[in-house]
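Input: a single structure, listed below in structure tokens.
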Amino acid sequence: MKHTFLFGSAALAALAAGAQQRPNIIYIMCDDMGYGDLGCYGQRLIATPNIDRLANQGMRFTQAYAGSPVSAPSRACFMTGQHTGHTHVRANKEYWTGSVQYGVNTDYARVGQEPYDANHVIIPEIFKDNGYTTGMFGKWAGGYEGSHSTPDKRGIDEFYGYICQFQAHLYYPNFLNSYSRSAGDDGVKREVLEENTPYPMYGTNYKKRTQYSADLIHQRAMAWLDQQTADKPFLGIFTYTLPHAELAQPEDSILLAYKGHFCQERTFGGQEGSRYNPTQYGHAEFAAMITRLDVQVGEIMAKLEEKGLADNTVLIFTSDNGPHEEGGADPSFFNRDGLLQGVKRSTYEGGIRIPFIVRWPGKVAAGSVNDHQLAFYDLMPTFCDIAGIENYEERYRNKQVANDHFDGLSFYPTLTGEGEQQPHEYLYWEFSETNMMAVRMGDWKLVVKNGACKLFDLATDLHEDNDLAAQYPEIVNQMKEIIRREHVDSPLFRVTLPQ
């Protein structure tokens with residue numbers, strides 16, 4: 001069944017005639033939440049009633065994948081619609097230079113990550129070009145301060161959060177970044193958190209800081225959401241930092257509910273160079289960070305209802321990659337990956353399979369569970385289908401650049417039941433920091449480490465314990481050929497291809 005949409009001037013004309021506006025999209029991508037960290041995915045030790053309710057109201061995916069097993073490249077796959085064999089950003093390449101003083105603290109004068117390719121379009125640019133208001137709140141990680149790829153230059157109307165993901169290691173930072181097109185800002189700026197800077201970034205006096213970034217970012221996102229109306233569609237990209245390390249948050253009722261709750265606690269002595277402060281309550285801190293995030297998701301849901309926007313808003317919740325072990329986190333204690341092997345930075349299932357929930361009232365069946373295989377680079381075509389942005393590949397492929405292309409397949413038919421779903425022939429990952437690659441082809445999964453291949457049948461071996469490469473050399477060769485076809489060499493992010 002072919003579905004048609006109105007956009008551009010036609011959409012405005014339809015509005016004047018009283019037609020319903022194009023759907024809004026809110027994409028909540030949290031940081032380092034594992035597949036098993038939510039009640040609706042089997043978690044038993046952490047309370048997540050709001051996200052569980054979201055799953056009951058929408059579709060919960062069981063075979064959704066991040067773009068990469070670590071932050072910046074995974075976000076790049078979402079933004080660019082490309083997998084890590086093609087997209088420019090394939091690992092966490094950092095830029096920290098100079099110094100500046102904030103109270104008693106010396107911080108970097110320039111911070112950020114490798115910029116997105118200026119010659120390849122990203123999602124907010126497409127949506128801005130098609131009449132959407134765009135806001136992003138949380139972690140950017142798509143360029144350093146002053147580069148060609150900061151939110152103000154890439155289609156974002158309103159931004160508040162961290163340009164640099166390393167700065168996001170601190171939950172009580174010296175500053176956050178902001179940009180507001182409506183306020184007339186000429187670029188991204190720093191907003192100094194004056195209540196934090198009199199105290200050091202590390203040590204016993206750190207918790208005297210009072211401006212907690214996760215709350216500040218959420219408050220700014222809620223203020224932006226409160227400004228939105230049914231008269232103009234909006235795209236909200238909420239890249240919240242919870243529950244990423246460090247394990248730190250206010251001493252409020254959420255944290256106090258978990259302190260003393262667990263039969264054993266985890267003490268972490270800190271890691272100053274990584275900006276992870278010590279904690280005596282690692283398990284309680286981590287569990288409370290997930291519940292704090294859950295409260296924030298509930299407030300977003302309530303705001304959409306209050307403003308009468310819920311029925312015409314596609315609300316998505318996911319995580320950027322698998323669970324981390326930094327900063328005192330203890331994924332094994334919470335059984336965070338359930339039956340999955342591996343954590344963040346691994347291309348085993350635990351590093352890349354993530355929670356993924358979509359609510360769209362009247363379009364997506366409430367309480368449904370789906371095993372469609374998708375990856376972050378599928379979100380660009382899916383978002384375009386939702387918004388009625390037709391022929392996005394032809395319209396936005398940079399024809400001046402050789403081999404500029406997109407890798408995603410829309411899963412709009414899976415969400416709505418309209419049309420026939422085109423399945424992936426394969427899904428693809430590569431990650432230079434751990435020199436790992438992976439390909440999934442149906443139930444076959446090839447994991448490559450330092451050029452050596454292991455083959456698993458996920459239908460019978462979800463934990464990836466039994467290497468079948470020697471038994472099925474023809475399957476291994478077929479998947480090696482996919483790697484040779486899909487990998488484009490990058491001078492910045494080297495990986496060892498299988499022989």
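Starting from 1, each residue takes its place in the sequence as its number. Everything quoted here is computed from the prediction, not taken from an experiment.
Between R494 and E430 no salt bridge is recorded (no basic side-chain N to carboxylate O distance below 4.0 Å). A salt bridge does not link R275 to E246: none of the charged side-chain nitrogens sits closer than 4.0 Å to a carboxylate oxygen. Salt bridge K139/D31: present, at least one basic N to carboxylate O contact under 4.0 Å. Of the charged side-chain nitrogens involved, none lies within less than 4.0 Å of a carboxylate oxygen, so that K128 and E125 do not count as a salt-bridged pair. Salt bridge K189/D186: absent, no basic N to carboxylate O contact under 4.0 Å. Taking a cutoff of 4.0 Å between a charged side-chain nitrogen and a carboxylate oxygen, K363 and E418 qualify as a salt bridge. Ion pairing between R345 and E433 holds under the 4.0 Å rule for side-chain N and carboxylate O.
The two atoms that bring I237 and P124 nearest to each other are CD1-CD, 4.4 Å, heavy atoms only. Between V343 and P331 the shortest heavy-atom distance is CG1-CG, 4.3 Å. Taking every heavy atom of both residues into account, S71 and Q165 meet most closely at OG-OE1, 3.1 Å.
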Kindly indicate, with the supporting measurements, whether the criterion side-chain contact (heavy atoms from CB on, under 4.5 Å) is fulfilled by L235 and N24. CA-CA 6 Å; L235 168 67; N24 313 302; over 6 Å; no
Please lay out, stage by stage, how R53 and N56 fare under the test side-chain hydrogen bond (donor to acceptor under 3.5 Å, both in side chains). CA-CA 5 Å; R53 178 164 54 93; N56 287 334; over 6 Å; no
Can you list the steps and then say if N321 with D32 is a side-chain hydrogen bond (donor to acceptor under 3.5 Å, both in side chains)? CA-CA 5 Å; N321 47 247; D32 291 4; 2.8 Å; yes
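For the side-chain hydrogen bond (donor to acceptor under 3.5 Å, both in side chains) criterion with E464, the lone passing option out of Q341, K445, K454 is K445. Applying the side chain to side chain contact (heavy atoms under 4.5 Å, CB included) test between R395 and each of V121, I126, D129 identifies D129 as the sole match.
The ring pair (Phe, Tyr, Trp, His ring centres under 6.0 Å) check on W224 picks up F137, F234, with sequence neighbours excluded. For Y162, there are no ring pair (Phe, Tyr, Trp, His ring centres under 6.0 Å) partners at least two apart in sequence or on another chain. Under the ring pair (Phe, Tyr, Trp, His ring centres under 6.0 Å) criterion, Y428 pairs with H83, sequence neighbours left out. Residues passing the ring pair (Phe, Tyr, Trp, His ring centres under 6.0 Å) test with F431, sequence neighbours excluded: none.
E349 has its side chain out of reach of H463: every pair of non-hydrogen atoms, C-beta onward, lies at least 4.5 Å apart. Residues R353 and L458 meet the side-chain proximity criterion, which asks for heavy atoms closer than 4.5 Å. A 4.5 Å side-chain heavy-atom check between I316 and I26 finds every atom pair outside the cut-off. Counting only heavy atoms from C-beta outward, the side chains of Y160 and L176 approach each other to under 4.5 Å.
A tilted orientation is assigned to the rings of F286 and F334, their planes being inclined by 30° to 60°. Ring-plane geometry between Y132 and F127 is classed as perpendicular, the angle between the planes exceeding 60 degrees on a 0 to 90 degree scale with a lower cut at 30. Ring orientation note: the planes of F356 and F376 are tilted relative to one another, at an angle of 30° to 60°. Note: Y144 and Y95 have tilted aromatic rings, judged against thresholds of 30 and 60 degrees for the angle between ring planes. Taking the six-membered ring where the residue is Trp, W444 and Y472 present tilted rings, their angle falling between 30° and 60°.
Atom CD of E393 is separated from atom CG of D404 by 10.5 Å, given to the nearest 0.5 angstrom. Note that CE of M29 is 9.0 Å distant from CG of L379, once rounded to the nearest 0.5 Å. Put simply, OG1 on T150 and CD on E145 are 9.0 Å apart, with the number rounded to the nearest 0.5 Å. Atom NE2 of H244 sits about 8.5 Å away from atom CE of M289, to the nearest 0.5 Å. Between atom CD1 of residue I354 and atom OG1 of residue T318 there is a gap of 3.0 Å, rounded to the nearest 0.5 Å. Annotation: the span from E158 atom CD to S182 atom OG amounts to 5.0 Å, rounded to 0.5 Å.
Annotation: ring-ring contact (aromatic ring centres under 6.0 Å, His included) contacts involving residues 387-408, sequence neighbours excluded, comprise H86-H405, H120-F406, Y392-F406. Every pair tested for ring-ring contact (aromatic ring centres under 6.0 Å, His included) that includes a residue from residues 474-499 fails, sequence neighbours excluded, so the list is empty.
Remark: side-chain polar atoms of K344 are not paired, donor with acceptor, to backbone N or O of G350 under 3.5 angstrom.
For T133 and D157, the side-chain atoms include no donor-acceptor pair closer than 3.5 Å.
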